[in-house]
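Here the structure is a predicted model, which means the values were calculated and not measured. Lettering of chains follows the sequences in order, A, B, ..., and the numbering in each one begins at 1.
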4 protein chains.
Amino acid sequence: MTTTAERLRCDAARNRERVLAAALELYREHGPAFTVEEVATRAGVGIGTIYRRFPTKSALLDELARPYFERLLTTARAAQAHPAPAERLETFIRAMAEQHAVDGIRSGRLWDTTVARPLRDEYIRAVEGILADARAGGRVRADVNPHDVGVIIWTVSALIDATDRAVAEIWRRYLDLVLDGLRPGGDQPLTTRPITSADWESLVASGPVLRLGT
Amino acid sequence: MTTTAERLRCDAARNRERVLAAALELYREHGPAFTVEEVATRAGVGIGTIYRRFPTKSALLDELARPYFERLLTTARAAQAHPAPAERLETFIRAMAEQHAVDGIRSGRLWDTTVARPLRDEYIRAVEGILADARAGGRVRADVNPHDVGVIIWTVSALIDATDRAVAEIWRRYLDLVLDGLRPGGDQPLTTRPITSADWESLVASGPVLRLGT
Amino acid sequence: MTTTAERLRCDAARNRERVLAAALELYREHGPAFTVEEVATRAGVGIGTIYRRFPTKSALLDELARPYFERLLTTARAAQAHPAPAERLETFIRAMAEQHAVDGIRSGRLWDTTVARPLRDEYIRAVEGILADARAGGRVRADVNPHDVGVIIWTVSALIDATDRAVAEIWRRYLDLVLDGLRPGGDQPLTTRPITSADWESLVASGPVLRLGT
Amino acid sequence: MTTTAERLRCDAARNRERVLAAALELYREHGPAFTVEEVATRAGVGIGTIYRRFPTKSALLDELARPYFERLLTTARAAQAHPAPAERLETFIRAMAEQHAVDGIRSGRLWDTTVARPLRDEYIRAVEGILADARAGGRVRADVNPHDVGVIIWTVSALIDATDRAVAEIWRRYLDLVLDGLRPGGDQPLTTRPITSADWESLVASGPVLRLGT
DNA sequence: CATGAATGAGTCTTCATTCAT
DNA sequence: CATGAATGAAGACTCATTCAT
């Protein structure tokens, strides 16, 4: 009995993984422009099986986003652990971009996914700490705040999405420029009011950028 | 006679404009995810009328892109005419972003549209001149080339698309940082090889980013 | 006044001819699978002009059939005038096939067209005379009647339609065989009852074969 | 298990048959001028069900053609097995016509359908054997070849299509004449060069005659 | 009268989702 | 539980015909 039940659970879990793996593959290849039936075929399961696990195609895509964000979070934690606090900010931003590039999820600006919500808080807190370290070390201009960092990472991610497949690595030049701009150096002040938490929430909640599928 | 002929063309032209206006509205609201029938309804014409002027939904979207690029080109020419050559580069980049923000075409990275093709050449040439001016005036670091400028503008446009509706003006902070990075100042060298013309062509030709419709 | 009126009538007549010529061309090229708009373009007139002359696309096609039948009738009359009465039947059948082949109206089994109706009577009468001549000369088996001749011509026409474009002239072998079968020679009797006038009417009126367009 | 699996397949198969039956009915009634939706309605299924089995309306029509050709082939094989070799040719031609008449597929000159392709070879080979038998028995004139037989059957089929619904059996008179012409008897030689294999291919491949749908 | 712009019903096809087996 | 068959609401596009200019 137990065995049977476990077997079932086991099979179910494996199926779930297969479906997610197939969906991820397809997402990497085509963005959200793939069919649920294609996922089923590639996963080697029936279409009904997918709908048993995921109520909706959109829910399936959400589930794709979760590990992506977990990997990002791991990256963020690693940067926090960097021995030289002053280096943490650049290390962090570069590592995030690198991770995004490696991850292969293109057109994957998935931050407003339901699953991303809980992760975002930890993420923001991490950024706050890292930025404070950089500031203490005099490695960042005074007028940027954690949300600026979020926007930078977001933008570079979009650039990676847009270009990495066509011309790999190009985004690095761009990232270099931005990091250069981040460093202190008697530069002209930023021309717009600081980004607030509320702004950030609005951004993340705003439909168009983040819409999945269709 | 002339009057009659023109009247006809007049009405037809007005309908054409109505269709384009409706399509633009819908594009601003939903990106390319709108129905030809919606366009017809909003324009107050039959569906056949749309297909009389535009052989395809995709052609209609192309036509949407055309004035957008023409406005960008006008902006570029204006920047070239700026009295102080050294100022031209920053003026140019800011003006392009501004124009894009004002234009309201969101998710509108339309550079690979058929209609954009002929405009691109003039655009690139303008950038070359402007960059040379800035370099002569010592206002830009030595290791950036015209294609870097193209990528910058492209990226900022994407950022505007993504954020301007949710939190207006935020993109300006980002742009400030990048412009700061563009200025000379003994900064760290760029970590990746320069972008070539061929890279640029690949970028622009790469389907996924720029594909309209579907 | 008169001049103007005549000019008008003249222009109108010429337009009518142009439309018919364009339609015929298109019919030869594509069968009935062409657009009214294509006719207008090729004729160099507006679409409204066509609808002024011909109430319907189908009526236009009918009008195409008229000269075709008139040519056939001329052919029939010529055969009647052949000096050797006994030769008239084969001459007639061959000439009809030839005329059909030359005419170039493919998939043009137009016998049930409204315009063909009045011509059919004269046609049948001609066949009757010709057949009587052949019979008097002992050049045709006794058990065929005028309607058999009609069916033969009809069938060969269909064969021409089907094959002449792909492999010209092949239909002649076939026609030879049939003519051979028509000649007297102690052959096996025909296995089916003679075709009556009523049969002929049914045939000609039967939809599927003759349907134009769509 | 097996039962379940087969049940599924069973129902699906039944639906498939229903769809084919409905399509055949409609084809008999209207030729290819019917709607996929009509098929669905008449078959009592959703439109999607049709598209699950047949990727295209054209593929559905192909599938209609398949059994038709298989029946023809069976007929051909039966004629080859006729005890008296000399009789085989006429038996064959008559049987083919008969089968076509009974089959009820009107306007069904479907020989260039994809599904017909593989059957054609066997068909031609059968005709060759049968013709040789007839020639050995002195029952056919010397100057006809297998392709002539093909053209004869094709033409008679067209005649059946055109007339059988309006006046049943009339085609038999015609067929009698042609068979008469096929027999030897010191008749006039055929006036055109023999039909070659290449001719036959051209014929079959020539679009206009055989094109299904639209 | 001529023109060609406008119309919109009708066609094929796709795909997320439900449901019988 | 798994399967994959069934569903049907859209969506893009065509074309005969009408009608304003």
Measure the distance from [atom1] on [X] to [atom2] on [N] and round it to the nearest whole Å.
X: B/R18; N: E/dA5; atom1: CZ; atom2: P; answer: 16 Å
X: A/R52; N: F/dG4; atom1: CZ; atom2: P; answer: 15 Å
X: B/Y51; N: F/dA16; atom1: OH; atom2: P; answer: 18 Å
X: D/L61; N: E/dT13; atom1: CG; atom2: P; answer: 10 Å
X: C/F54; N: F/dT18; atom1: CZ; atom2: P; answer: 16 Å

Contact class for B/R16 (heavy atom, under 4.0 Å): base, sugar-phosphate, or nothing?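 B/R16: no heavy atom of the nucleic acid under 4.0 Å.
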Between C/N15 and D/F34, which residue's closest nucleotide on DNA chain E lies nearer the 5′ terminus?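 Final value for this comparison: C/N15.
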Looking at residues at least two apart in the chain, or sitting in another chain, which of them share a salt bridge (Lys or Arg N to Asp or Glu O under 4.0 Å) with A/R18?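 A/R18 satisfies salt bridge (Lys or Arg N to Asp or Glu O under 4.0 Å) with no residue once adjacent residues are dropped.
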Under the salt bridge (Lys or Arg N to Asp or Glu O under 4.0 Å) rule, collect the residues that match up with A/E25, sequence neighbours excluded.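 Residues passing salt bridge (Lys or Arg N to Asp or Glu O under 4.0 Å) with A/E25: A/R42.
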My understanding is that only residues two or more places apart in sequence, or in another chain, count here; which of them pass side-chain contact (heavy atoms from CB on, under 4.5 Å) with D/E38?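 If we apply the side-chain contact (heavy atoms from CB on, under 4.5 Å) test to D/E38, skipping adjacent residues, the hits are D/L26, D/F34, D/T35.
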Less than 4.5 Å apart, side chain to side chain, heavy atoms only: is that true for [X] and [Y]?
X: B/T56; Y: B/Y51; result: no
X: D/L20; Y: D/E17; result: yes
X: A/D62; Y: A/F54; result: no

Rounded to the nearest 0.5 Å, how far does CG of B/L64 lie from CG of B/L24?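 Interatomic distance, B/L24 CG to B/L64 CG, rounded to 0.5 Å: 5.0 Å.
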Side-chain donor or acceptor of D/R28 paired with backbone N/O of D/D103 under 3.5 Å: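 The answer is yes, because a donor-acceptor pair under 3.5 Å joins these two groups.
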Contact residues, residues 35-50 of chain C to DNA chain E [heavy atom, < 4.0 Å]: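 Here the set is C/V45, C/G46, C/I47, C/G48, C/T49.
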Dot-bracket, 5' to 3', for DNA chain F please: Watson-Crick or G-U pairs under 3.5 Å, [ ] where pairs cross earlier ones, | where the partner sits on another strand, dots elsewhere. .||||||||||||||||||||
Under 4.0 Å between a side-chain N or O of D/T56 and OP1 or OP2 of E/dT13?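 Looking at the OP1 and OP2 atoms of E/dT13, one of them is under 4.0 Å from a side-chain N or O of D/T56.
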Distance test, side-chain N/O of D/R14 to OP1/OP2 of F/dA5, below 4.0 Å: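 For F/dA5, OP1/OP2 do not have a side-chain N/O of D/R14 under 4.0 Å.
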When you get a sec, tell me which of E/dC1, E/dA5, F/dA16 is the closest nucleotide to the side chain of C/K57? F/dA16
Give me each pair satisfying salt bridge (Lys or Arg N to Asp or Glu O under 4.0 Å) with a member in residues 44-56 of chain D, each pair once, sequence neighbours excluded. A/E37-D/R52
